[in-house]
Peer 1: 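Take this structure first; my questions come after.
Computed from a predicted model, the values in this text were never measured in an experiment. Here is how names work: the chains are called A, B, and so on, in the same order as the sequence lines, proteins then strands, and each is numbered from 1.
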Amino acid sequence: MESEPRIYAVRILPTFCTTVKTPMHVPFSTIDPKWQQYWADHHIHRVDDDHSKPKYYVLDMFPYPSGAGLHIGHPEGYTATDIVARFKRMCGYNVLHPMGFDAFGLPTERYSMTTGIPPAMATEANIATFKKQLNMLGFNYDWSREVNTTDPSYYRWTQWMFLLVYNSWFDEAQQRARPIAELPIPATITDPLDREAYIDAKRLAFIAYSPVNWCEALGTVLANEEVDEWKEKGYTVERRPMRQWMLRITAYAERLLNDLDGLDWPTSTVEMQRHWIGKSEGAEVRFNVDGTEHAISVFTTRPDTIFGATYLVLAPEHPLVEWIVSAEQRAHVALYRDAASMKSDLERTELAKDKTGVFTGAYAINPASGERVPIWVADYVLAHYGTGAIMAVPGHDARDHAFAREFGLPILQVVAPSDGTTVDILQEAFTDAGVNVHSANEQVSLNGRATSEAKETIATWIEAQGIGTRRVQYKLRDWLFSRQRYWGEPIPIMFFDDGTKRALDEDELPLVLPPVKEFKPSGTGESPLATVPEWVSFTDAKTGKHARFETNTMPQWAGSCWYYLRFCDPHNNETFCAPDKEAYWMGDSGVDLYMGGSEHAVLHLLYARFWHKVLYDHGLVHTTEPFKRVFHQGLIMGEDGRKMSKSLGNVVNPDDVVREYGADALRLYEMFLGPLEASKPWNTKGLDGISRFLNRAWRLIVNEEGTLSESVQPVPCTPEQDLVLHTTIKKTRVDIDALSFNTSIAQFMVFVNEFTPATIRPRVAMEQFVQCLAPFAPHVAEELWSVLGHTTSVFLSAYPEVDESKLVTSEVEIVLQVNSKIRGKMMVPSDADAATMEALAFAHPVLAAAMEGTTLRKKVIVPGKLVNVIVS
RNA sequence: GCGAGCGUGGCGGAAUUGGCAGACGCACUGGACUCAAAAUCCAGCGGGGUCAAACCCGUGGGGGUUCGACUCCCCCCGCUCGCACCA
């Protein structure tokens with residue numbers, strides 16, 4: 001498109017044809033497809049399983065193939081990994097750089113609801129579009145290893161892994177998953193149904209009836225972490241108790257936390273995972289309810305403040321509420337609990353400015369102080385965390401303080417600042433660590449003890465009294481694993497009329513999704529699968545019993561939990577991945593580089609780590625972690641600095657850019673924008689700059705006829721040229737490992753600026769430059785490599801090596817400073833030692849003049865850098 | 001509120017262990033080529049100051065460590081992302 005007007009001008013003014021020098025441009029519209037075809041025909045990107053070479057596994061988070069195709073953000077991470085993959089291959093590594101599609105999910109299903117086009121068909125079309133666009137950008141994926149999560153030959157193994165999880169229990173003592181067959185069953189359990197119930201309760205995949213986030217419009221439940229996303233899109237989500245599959249990820253909380261150490265991940269991502277797991281250490285303490293047999297267990301991280309606990313609070317859902325509530329308060333409490341159940345977790349916290357609650361009419365005995373304290377119900381206490389009940393210490397907890405002030409409950413001070421100052425506990429809670437006061441009974445005194453010591457003392461006392469224990473608590477909750485949707489992996493379990501069930505055996509997998517005509521929700525809160533007669537009513541061949549299949553399907557996260565393993569051995573029909581291939585490609589550290597957006601910093605990465613650990617416990621993988629190094633590419637914003645969106649009209653389409661500037665210009669431009677991890681605005685003018693650079697590089701080597709320029713000669717480099725060349729090689733090698741592509745490209749520009757004025761260009765410099773550039777701009781580099789006379793791909797050549805001797809110059813410029821201010825510069829031999837430097841520098845007029853008539857106080861000499869004299 | 005990260009020219013951004021701030025690109029200015037324009041090539045481009053130089057100021061603000069700080073430490077301000085009644 002861009003080149004059209006130029007040609008046009010020549011055509012209408014033919015008389016100027018001979019006089020006007022037509023500047024040469026990279027003919028990208030010819031060479032891009034040419035080399036893409038060449039790579040495909042010659043299998044340049046085919047990964048071999050030659051296990052004698054060192055491996056490098058570089059992985060992109062595979063995309064969801066939406067109908068909209070690639071957006072401009074996709075090529076950013078993909079180009080980065082493409083550069084690394086091509087570079088590592090040129091360095092002699094056997095590189096695995098695969099691509100696939102995470103294609104199950106709601107958007108496709110919703111598209112099918114409105115169009116009637118089956119999701120499998122829509123997915124196929126979308127994937128074709130994505131692949132075409134990915135190839136257009138010249139990425140070096142080995143498509144023979146493509147995976148697609150919706151392909152039965154893939155989800156067969158997703159189902160197999162679900163069953164592996166299902167058939168596991170977590171041995172707390174050994175801190176690992178074990179086969180369910182090894183579960184010890186108490187001898188007292190003899191009834192088969194009781195036995196099954198006991199086993200089911202221990203499985204890592206289990207059915208629970210708990211309040212979930214139901215979205216009527218979507219016809220499915222959502223995970224807690226998904227709620228915000230859909231609410232933003234305008235959907236309403238309500239709390240509803242439903243039958244759900246859960247995965248016991250909480251069993252792995254400690255390992256998921258500990259194994260974060262030693263990962264080469266962004267600090268923010270590690271921190272986010274730590275917070276998500278949310279470990280806190282404290283104590284669980286029992287408070288007896290006055291005048292009853294009941295006791296309320298509370299979890300606290302501040303057992304040292306127990307003497308200041310002036311009331312208890314139960315979550316509205318706490319089962320004990322109805323047992324302890326007094327007759328006169330019963331109506332109030334019931335009203336409050338009903339109101340609370342209508343609110344979602346989100347609404348409870350969003351509207352959390354003012355605390356609400358209601359008195360139960362019951363009292364408990366503070367086991368430390370012996371005081372009788374009122375028991376309240378309030379929704380600022382969450383049912384799912386800790387024990388669903390707290391001891392309120394308004395003197396030393398901001399939330400309890402606000403509640404106590406609202407309802408006129410007593411506030412006691414039991415901790416004072418360590419520095420001896422006083423605080424007004426009635427005005428504001430003192431939540432820092434300090435020294436205990438007013439904290440003693442006949443058996444134990446915390447008075448005068450520092451907070452950390454007081455915690456220990458009281459915890460020991462609590463345990464000695466038999467009223468509680470030390471306890472570790474996590475925020476992490478079990479993973480809600482079922483969706484009431486059609487377009488997901490079927491859960492391979494069938495239920496019989498007698499209340500028993502059966503998981504499919506390995507030889508019965510995959511359990512394939514049945515074709516359906518209607519994708520709308522069944523209307524009963526079940527998935528569209530519930531409307532398929534042969535799905536919910538059939539005779540099981542193995543048992544002869546009448547059965548129905550589970551109608552829930554797995555969430556979209558399932559397929560992405562293990563795809564990195566399938567890439568190691570994508571066509572294996574015997575197992576999900578052959579052990580020797582897993583051992584080779586996953587090596588000692590797993591995926592060597594995993595690139596993807598920070599939106600997956602918590603969930604996907606946590607879920608995948610969890611599955612990996614289950615596999616590890618069963619001896620199916622041999623690394624404890626799947627991803628050694630994770631990197632998040634930043635967002636590319638619109639030209640106006642705002643997030644790209646159709647409604648703002650600031651969206652840049654990669655197809656348009658490739659058509660106008662070529663694939664290499666887009667690749668280089670996105671890498672040159674700024675640091676890979678930063679979010680940065682698009683700037684079309686910057687694309688012109690990159691285009692100019694590519695054209696200048698092109699003209700170093702190619703003449704107007706499109707053949708090798710006469711300026712390229714088989715002569716050695718001058719020392720200056722060698723310095724630039726080897727600086728470029730060195731910088732690129734270092735920068736690629738650091739993923740600092742913007743600075744490598746800047747160095748390429750320096751190289752081109754250096755060689756452009758030269759009339760004789762040493763062939764060796766041109767060749768090595770082309771090799772350096774190749775991972776970044778593969779199409780241009782291949783063409784230049786070919787113009788230079790090579791008949792095989794530049795990617796089969798070895799990346800240039802740095803000759804350190806070429807980086808050493810005979811003289812270096814040093815800085816002369818007087819009182820640390822720069823006063824001059826001079827050249828000295830680069831190997832000059834401190835004494836030589838001093839002698840040369842002191843003879844220099846600038847220093848000589850500065851020191852005249854002054855006293856030398858101090859001299860600082862840094863060889864190769866500077867001479868600094870301090871005078872007065 | 002808590003956690004993580006970041007503040008450098010008109011703009012995007014560079015700057016091993018503390019050692020010439022502003023590489024490289026964009027924009028802009030001037031010049032060459034051209035009837036003219038585009039393209040290309042050459043030169044300039046933080047602020048003040050000067051005919052020019054010298055010189056002074058300058059990496060969000062304030063303090064500190066150091067011969068020397070964009071870099072290390074403390075306090076403050078601002079921005080981005082994440083979490084948010086988790087007891």
Peer 1: Is Arg696(A) touching bases, backbone alone, or none of the nucleic acid, heavy atoms closer than 4.0 Å?
Peer 2: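 The answer is sugar-phosphate, as Arg696(A) gets under 4.0 Å only of primed atoms, P, OP1 or OP2.
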
Peer 1: What does Gly689(A) touch in the nucleic acid at a heavy-atom separation under 4.0 angstrom: a base, only the sugar-phosphate, or nothing?
Peer 2: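 Gly689(A): backbone/sugar contact only, no base atoms under 4.0 Å.
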
Peer 1: What heavy-atom pair brings Asp400(A) and Tyr311(A) nearest, and what distance separates the two atoms?
Peer 2: O-OH, 3.0 Å

Peer 1: If I pick the P atom on rG25(B) and the same atom on rA15(B), what distance separates them, to the nearest angstrom?
Peer 2: 16 Å

Peer 1: Closest nucleotide of RNA chain B for Pro675(A) versus for Asn868(A): which of these residues is on the 5' side?
Peer 2: Pro675(A)

Peer 1: For the side chain of Phe672(A), starting at C-beta, report the closest nucleotide among rC20(B), rG12(B), rA87(B).
Peer 2: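 Looking only at heavy atoms from C-beta outward on Phe672(A), the closest nucleotide is rG12(B).
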
Peer 1: Applying a 4.0 Å non-hydrogen cut-off, can you work out what Lys475(A) is touching in the nucleic acid: base, sugar-phosphate, or nothing?
Peer 2: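 Base, at least one base heavy atom under 4.0 Å.
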
Peer 1: If you look at every heavy atom in Asp735(A) and Ser744(A), which pair is closest and at what distance?
Peer 2: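 For Asp735(A) versus Ser744(A), the nearest heavy atoms are CB-OG, 3.0 Å.
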
Peer 1: Choose from rA87(B), rA14(B), rC56(B) the nucleotide whose nearest atom is closest to any side-chain atom of Leu382(A).
Peer 2: rA87(B)

Peer 1: Looking only at side-chain atoms of Arg699(A), point me to the closest of rC41(B), rG19(B), rA4(B).
Peer 2: rC41(B)

Peer 1: Taking all atoms of both residues into account, what is the closest heavy-atom pair of Val652(A) and Val657(A), and its distance?
Peer 2: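 In this case the closest contact between Val652(A) and Val657(A) is CG1-CG2, 3.7 Å.
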
Peer 1: Can you tell me if His384(A) and Arg477(A) form a side-chain donor-acceptor pair at under 3.5 Å?
Peer 2: yes

Peer 1: Mapping Thr269(A) and Gln473(A) onto RNA chain B by nearest heavy atom, which one lands closer to the 5' end?
Peer 2: Thr269(A)

Peer 1: Are Phe776(A) and Phe748(A), when compared by the centres of their aromatic rings, separated by less than 6.0 Å?
Peer 2: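 Between Phe748(A) and Phe776(A), which both carry aromatic rings, the centre distance is below 6.0 Å.
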
Peer 1: Rounded to whole angstrom units, what separation is found between the CG atom of Leu866(A) and the P atom of rC20(B)?
Peer 2: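 Nearest whole value for this atom pair: 8 Å.
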
Peer 1: Which nucleotide, rC20(B), rA87(B), rA4(B), lies nearest any side-chain atom of Val815(A)?
Peer 2: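 Looking only at side-chain atoms, Val815(A) lies closest to rC20(B).
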
Peer 1: In whole angstrom, what separates Lys680(A)'s NZ from rC6(B)'s P?
Peer 2: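 After rounding, the reported distance stands at 15 Å.
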
Peer 1: Give RNA chain B the dot-bracket treatment, 5' to 3': Watson-Crick (N1-N3 with N6-O4 or O6-N4) or G-U (N1-O2, O6-N3) under 3.5 Å, [ ] crossing, | other strand.
Peer 2: (((((((..(((......[....))).(((((.......))))).(((......)))..(((((..]....))))))))))))....

Peer 1: From CG of Leu807(A) over to C1' of rU16(B), roughly how many Å is that when rounded to an integer?
Peer 2: 14 Å

Peer 1: Can you check whether Leu816(A)'s main-chain N or O pairs, donor with acceptor, with Arg823(A)'s side chain at less than 3.5 Å?
Peer 2: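 Not at all, since once roles are kept as given, no pair shorter than 3.5 Å links the two residues.
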
Peer 1: Looking across every strand, which nucleic acid part, if any, lies under 4.0 Å from Ile390(A) by heavy atom: base, sugar-phosphate, or nothing?
Peer 2: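 Contact class for Ile390(A): base.
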
Peer 1: From the list rA87(B), rA15(B), rC26(B), which nucleotide is the closest neighbour of the side chain of Val381(A)?
Peer 2: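 For the Val381(A) side chain, the nearest candidate turns out to be rA87(B).
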
Peer 1: Please determine, by modelled atom types, if Ser280(A) and Gln473(A) share a side-chain donor-acceptor pair under 3.5 angstrom.
Peer 2: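 Absent: no donor and acceptor within the cut-off.
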
Peer 1: With no angle test and no hydrogens, is the base of rC20(B) tied to the side chain of Lys825(A) by a donor-acceptor pair under 3.5 Å?
Peer 2: yes

Peer 1: Can Lys355(A) be said to sit on top of Tyr380(A)'s aromatic six-ring, NZ or CZ under 6.0 Å from centre and within 45° of the ring axis?
Peer 2: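 Because its charged atom sits under 6.0 Å from the ring centre and within 45° of the axis, Lys355(A) does stack over Tyr380(A).
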
Peer 1: Select base, sugar-phosphate, or nothing to describe what Glu813(A) touches, counting heavy atoms under 4.0 Å on all strands.
Peer 2: base

Peer 1: Using a heavy-atom cut-off of 4.0 Å across all strands, would you classify Lys859(A) as base, sugar-phosphate, or nothing?
Peer 2: nothing

Peer 1: rC85(B) C1' sits how many Å from His384(A) NE2, rounded?
Peer 2: 10 Å

Peer 1: Taking any heavy-atom pair under 4.0 Å as a contact, classify Val750(A): base, sugar-phosphate, or nothing.
Peer 2: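 The answer is sugar-phosphate, as Val750(A) gets under 4.0 Å only of primed atoms, P, OP1 or OP2.
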
Peer 1: Heavy atoms under 4.0 Å, any strand shown: does Arg692(A) hit a base, just sugar-phosphate, or nothing?
Peer 2: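 Sugar-phosphate, no base atom in range.
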
Peer 1: Closest approach to the side chain of Met749(A), judged atom by atom: which nucleotide of rA87(B), rA14(B), rC24(B) is it?
Peer 2: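 Within the option list, the nearest is rC24(B).
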
Peer 1: Measure from the side chain of His25(A), starting at C-beta and using heavy atoms only, and say which of rA39(B), rC24(B), rC26(B) lies closest.
Peer 2: rA39(B)

Peer 1: Looking at rC85(B), does its base get a donor-acceptor pair with the side chain of Lys355(A) below 3.5 Å?
Peer 2: yes

Peer 1: Taking only the C1' atom of each, what is the distance from rA21(B) to rG13(B) in whole angstrom?
Peer 2: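 So the two C1' atoms sit 13 Å from each other.
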
Peer 1: Classify the nucleic acid contact of Asn753(A) as base, sugar-phosphate or nothing, counting any heavy atom under 4.0 Å across all strands shown.
Peer 2: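 Sugar-phosphate, no base atom in range.
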
Peer 1: Between rC85(B), rU17(B), rG12(B), which nucleotide gets closest to the side-chain atoms of Tyr380(A)?
Peer 2: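 For the Tyr380(A) side chain, the nearest candidate turns out to be rC85(B).
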
Peer 1: Verify whether the ring centers belonging to Phe769(A) and Phe755(A) lie closer than 6.0 Å.
Peer 2: no

Peer 1: Which nucleotide sits closest to the side chain of Val860(A): rA87(B), rG19(B), rA14(B)?
Peer 2: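 Output: rG19(B).
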
Peer 1: Which nucleotide, rC24(B), rG19(B), rC56(B), lies nearest any side-chain atom of Val862(A)?
Peer 2: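 So the side chain of Val862(A) is nearest to rG19(B).
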
Peer 1: What integer distance in Å separates Ile814(A):CD1 from rC67(B):P?
Peer 2: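 Distance, rounded to whole Å: 20 Å.
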
Peer 1: Provide the distance between the two P atoms, one in rU71(B) and one in rC6(B), to the nearest whole Å.
Peer 2: 13 Å

